[in-house]
2 protein chains.
Amino acid sequence: MNPDDRRVLRTRRLLKKALIELTDDKEYEEITIRDITDHADIGYATFFRHYDGKDDLMLEIFTETIDEIESLPVSHGDRYFEQEGYLLFEHVSENQALYRSILDSQNFTRKFRDHTKKMVQLHIEGHIEHVASPSFPVEIAAQHMVSSLIGLIDWWLANDLVFPIERMAMIYERLIIQGTWHAMDAENSLKLPWEGTD
Amino acid sequence: MNPDDRRVLRTRRLLKKALIELTDDKEYEEITIRDITDHADIGYATFFRHYDGKDDLMLEIFTETIDEIESLPVSHGDRYFEQEGYLLFEHVSENQALYRSILDSQNFTRKFRDHTKKMVQLHIEGHIEHVASPSFPVEIAAQHMVSSLIGLIDWWLANDLVFPIERMAMIYERLIIQGTWHAMDAENSLKLPWEGTD
DNA sequence: TCTTATATGATACATAGTATATCATAAACA
DNA sequence: TGTTTATGATATACTATGTATCATATAAGA
């Protein structure tokens with residue numbers, strides 16, 4: 001099977017498109033391979049000439065998405081994280097069906113988290129010397145940031161993008177970046193206002 | 001079908017026990033109903049006399065777990081959140097297979113999050129007057145806390161409970177409670193150490 | 001453009017898992 | 001102890017996955 005053959009490229013493109021589109025109507029787990037091939041107008045048996053199953057097709061969609069995210073043009077400098085957040089949520093808004101389908105499948109939520117975690121962890125480690133005394137390992141901070149980010153994207157999608165991208169970028173920067181950073185430094189001791197009072 | 005009949009109670013108890021135990025060996029999605037009935041030594045057809053399917057069985061396990069969590073004896077007062085965290089992670093360590101099975105299924109991770117979110121949200125709203133100027137809605141703070149908590153539990157389980165419960169309780173209090181609280185108050189302006197420098 | 005190679009569509013088929021119906025038996029209830 | 005009913009075992013229908021085969025359509029290369 002020559003992966004550069006125009007027929008092959010066409011088939012794979014149509015199958016990916018079909019799965020993404022179908023997640024608008026049905027949950028990922030409920031979509032059958034027959035649904036995908038019917039919607040793509042591709043022979044049922046042809047599916048298995050290209051992919052091992054639904055998850056394998058999703059994996060290709062997923063990998064291409066990760067590549068896109070990694071190539072987002074964040075320029076270093078002032079307001080770095082708000083800009084990063086902006087590009088991230090912009091990408092989500094432009095690929096809603098795709099993100100819904102990824103976050104719909106536990107399998108790929110995990111993959112998404114584990115993959116992104118590595119990037120985040122490297123990022124934090126490059127700046128760890130700024131923290132006087134870290135109160136927990138970097139790996140936990142990375143896990144926390146990624147879980148929260150996925151949670152925030154999920155909330156935004158579930159609420160039909162009620163907030164504009166700018167607002168989400170700001171929340172991302174405050175809640176996820178600053179929140180984690182503040183908690184990480186054990187020197188920041190914060191007395192919660194209601195502690196000892198209820 | 002009388003739900004108080006000893007035979008009924010026995011069957012349901014054995015089926016729940018079997019599903020929880022099986023998640024130690026296999027992923028939730030890969031477990032078949034035949035696996036469950038075989039392991040429980042219950043007739044296959046009997047399963048459907050009690051549950052609509054695997055998810056329905058899991059829902060009962062899930063509901064009972066939530067009830068247990070809600071009845072954890074947190075005493076109000078000083079170090080409230082560390083204590084809350086301690087009881088939470090203690091419960092996780094005592095019911096590892098159960099938590100693994102819940103977090104293994106996207107369906108129930110969602111249910112877990114949505115259910116817990118409501119509790120957390122009410123909790124925050126009771127103290128919102130302490131925040132001078134909230135920089136985002138309470139609902140987002142609740143979503144954030146719950147997503148992070150699930151992420152933290154997931155990390156702990158994936159790393160075979162490397163940290164003692166005390167340490168997890170401390171991380172919970174700092175990262176999730178204090179981190180969120182700090183970020184929520186727009187008056188807290190934190191200049192990140194590397195901003196504008198990379 | 002013509003020939004050759006190969007990807008696709010259609011069909012049939014094997015397999016696995018879900019879900020229901022039936023009836024004899026065993027266990028619980030009162 | 002007699003009656004009720006839940007269970008076990010078996011047969012069966014159904015749905016979805018995955019494979020094999022062959023004629024046809026389409027792309028690649030000379």
Side-chain angles (χ1 to χ4, degrees), chain A residues 1-62 64 101 104-108 111, chain B residues 1-62 64 101 104-108 111:
Chain A
M1 182 96 81
N2 178 9
D4 296 327
D5 189 308
R6 281 168 15 213
R7 289 168 296 183
V8 172
L9 292 170
R10 177 178 175 275
T11 301
R12 297 177 80 102
R13 180 169 40 80
L14 290 176
L15 287 173
K16 282 180 275 186
K17 187 163 166 278
L19 176 52
I20 291 171
E21 284 173 3
L22 283 169
T23 49
D24 268 350
D25 309 321
K26 270 193 220 184
E27 294 214 343
Y28 173 81
E29 320 288 351
E30 284 164 0
I31 296 169
T32 66
I33 291 172
R34 182 81 59 185
D35 289 334
I36 299 170
T37 53
D38 282 355
H39 190 257
D41 199 25
I42 294 290
Y44 177 73
T46 302
F47 180 94
F48 297 97
R49 295 187 176 114
H50 296 274
Y51 302 101
D52 283 341
K54 203 172 49 160
D55 275 10
D56 192 36
L57 170 60
M58 192 64 213
L59 183 63
E60 193 168 290
I61 296 173
F62 171 78
E64 289 175 4
S101 62
D104 221 37
S105 145
Q106 176 68 349
N107 194 0
F108 288 97
K111 278 200 168 60
Chain B
M1 181 95 82
N2 178 9
D4 296 327
D5 188 308
R6 274 158 36 203
R7 290 168 295 182
V8 172
L9 292 170
R10 178 179 175 275
T11 301
R12 297 177 80 102
R13 179 168 41 78
L14 290 176
L15 287 173
K16 283 181 274 187
K17 186 162 166 279
L19 177 52
I20 292 171
E21 283 174 3
L22 283 170
T23 49
D24 268 349
D25 309 322
K26 271 192 219 186
E27 294 213 343
Y28 173 79
E29 320 288 353
E30 283 164 1
I31 296 169
T32 66
I33 290 171
R34 182 81 59 185
D35 289 335
I36 299 169
T37 52
D38 283 355
H39 191 258
D41 200 24
I42 294 290
Y44 178 74
T46 303
F47 180 95
F48 296 97
R49 294 187 177 111
H50 294 274
Y51 301 102
D52 282 342
K54 204 172 47 161
D55 275 10
D56 191 38
L57 171 60
M58 193 63 214
L59 183 62
E60 193 168 290
I61 295 173
F62 171 78
E64 288 175 4
S101 62
D104 221 38
S105 146
Q106 175 69 352
N107 193 359
F108 289 97
K111 278 201 169 63

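Numbers restart at 1 for each chain; the letters A, B, ... are given by sequence-line order, proteins then strands.
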Taking [X] for its side chain and [Y] for its backbone only, find out whether a donor-acceptor pair lies under 3.5 Å.
| X | Y | result |
| --- | --- | --- |
| B:Thr46 | B:Ile42 | no |
| A:Lys17 | A:Ala40 | no |
| A:Asp56 | A:Tyr51 | no |
| A:Asp104 | A:Glu27 | no |

Spacing between [X] atom [atom1] and [N] atom [atom2], to the nearest angstrom:
| X | N | atom1 | atom2 | answer |
| --- | --- | --- | --- | --- |
| A:Asp38 | C:dA10 | CG | P | 10 Å |
| B:Ile31 | C:dT18 | CD1 | C1' | 16 Å |
| B:Leu57 | C:dG17 | CG | C1' | 16 Å |
| B:Lys26 | C:dG17 | NZ | C1' | 12 Å |
| B:Leu14 | D:dA6 | CG | P | 17 Å |
| A:Ile33 | D:dG18 | CD1 | C1' | 8 Å |
| A:Leu9 | D:dT26 | CG | C1' | 14 Å |
| B:Tyr51 | C:dG17 | OH | P | 22 Å |

task: Kindly say whether, by distance alone, the side chain of A:Arg7 makes a donor-acceptor pair under 3.5 Å with the base of D:dT26?
output: yes
message: Should the side chain of A:Arg49 and the base of C:dG9 be counted as holding a donor-acceptor pair, with the cut-off at 3.5 Å?
response: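 Such a pair exists between side chain and base.
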Nearest-nucleotide comparison on DNA chain D, the residue closer to the 5′ end among B:Arg34 and A:Phe48: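 Closest to the 5' end, via its nearest nucleotide, is B:Arg34.
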From C-beta outward on [X], which listed nucleotide comes closest to its side chain: [options]?
| X | options | result |
| --- | --- | --- |
| B:Ala45 | C:dA7, D:dT10, D:dG8 | D:dT10 |
| B:Ile42 | D:dA27, C:dT18, D:dG8 | D:dG8 |
| A:Met1 | D:dA6, C:dT8, D:dG8 | C:dT8 |

- request: Please say whether more than 12 non-hydrogen atoms of neighbouring residues, nucleotides or ligands are located less than 6.0 Å from CG in B:Asp41.
  value: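 It does not: B:Asp41 CG has 12 such atoms or fewer within range.
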query: How would you label the contact of A:Tyr44 with the nucleic acid (heavy atoms, under 4.0 Å): base, sugar-phosphate, or nothing?
result: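 Base contact.
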task: Please work out if B:Asp35 contacts a base, only the sugar-phosphate, or nothing of the nucleic acid, heavy-atom cut-off 4.0 Å.
output: nothing
message: Looking at B:Tyr28, I'd like to know if the NZ or CZ of B:Lys54 sits under 6.0 Å from its six-membered ring centre while staying within 45 degrees of the ring's axis.
response: yes
Is there a side-chain polar atom (N or O) of [X] under 4.0 Å from OP1 or OP2 of [N]?
| X | N | result |
| --- | --- | --- |
| A:Thr11 | C:dA7 | no |
| A:Arg6 | D:dA28 | yes |
| B:Thr32 | C:dG17 | no |
| A:His50 | C:dT8 | yes |

5'-most by nearest nucleotide on DNA chain C - B:Asp4 or B:Lys54: B:Lys54
- prompt: So which one's nearest nucleotide on DNA chain C is more toward 5', B:Arg10 or A:Asp5?
  reply: A:Asp5
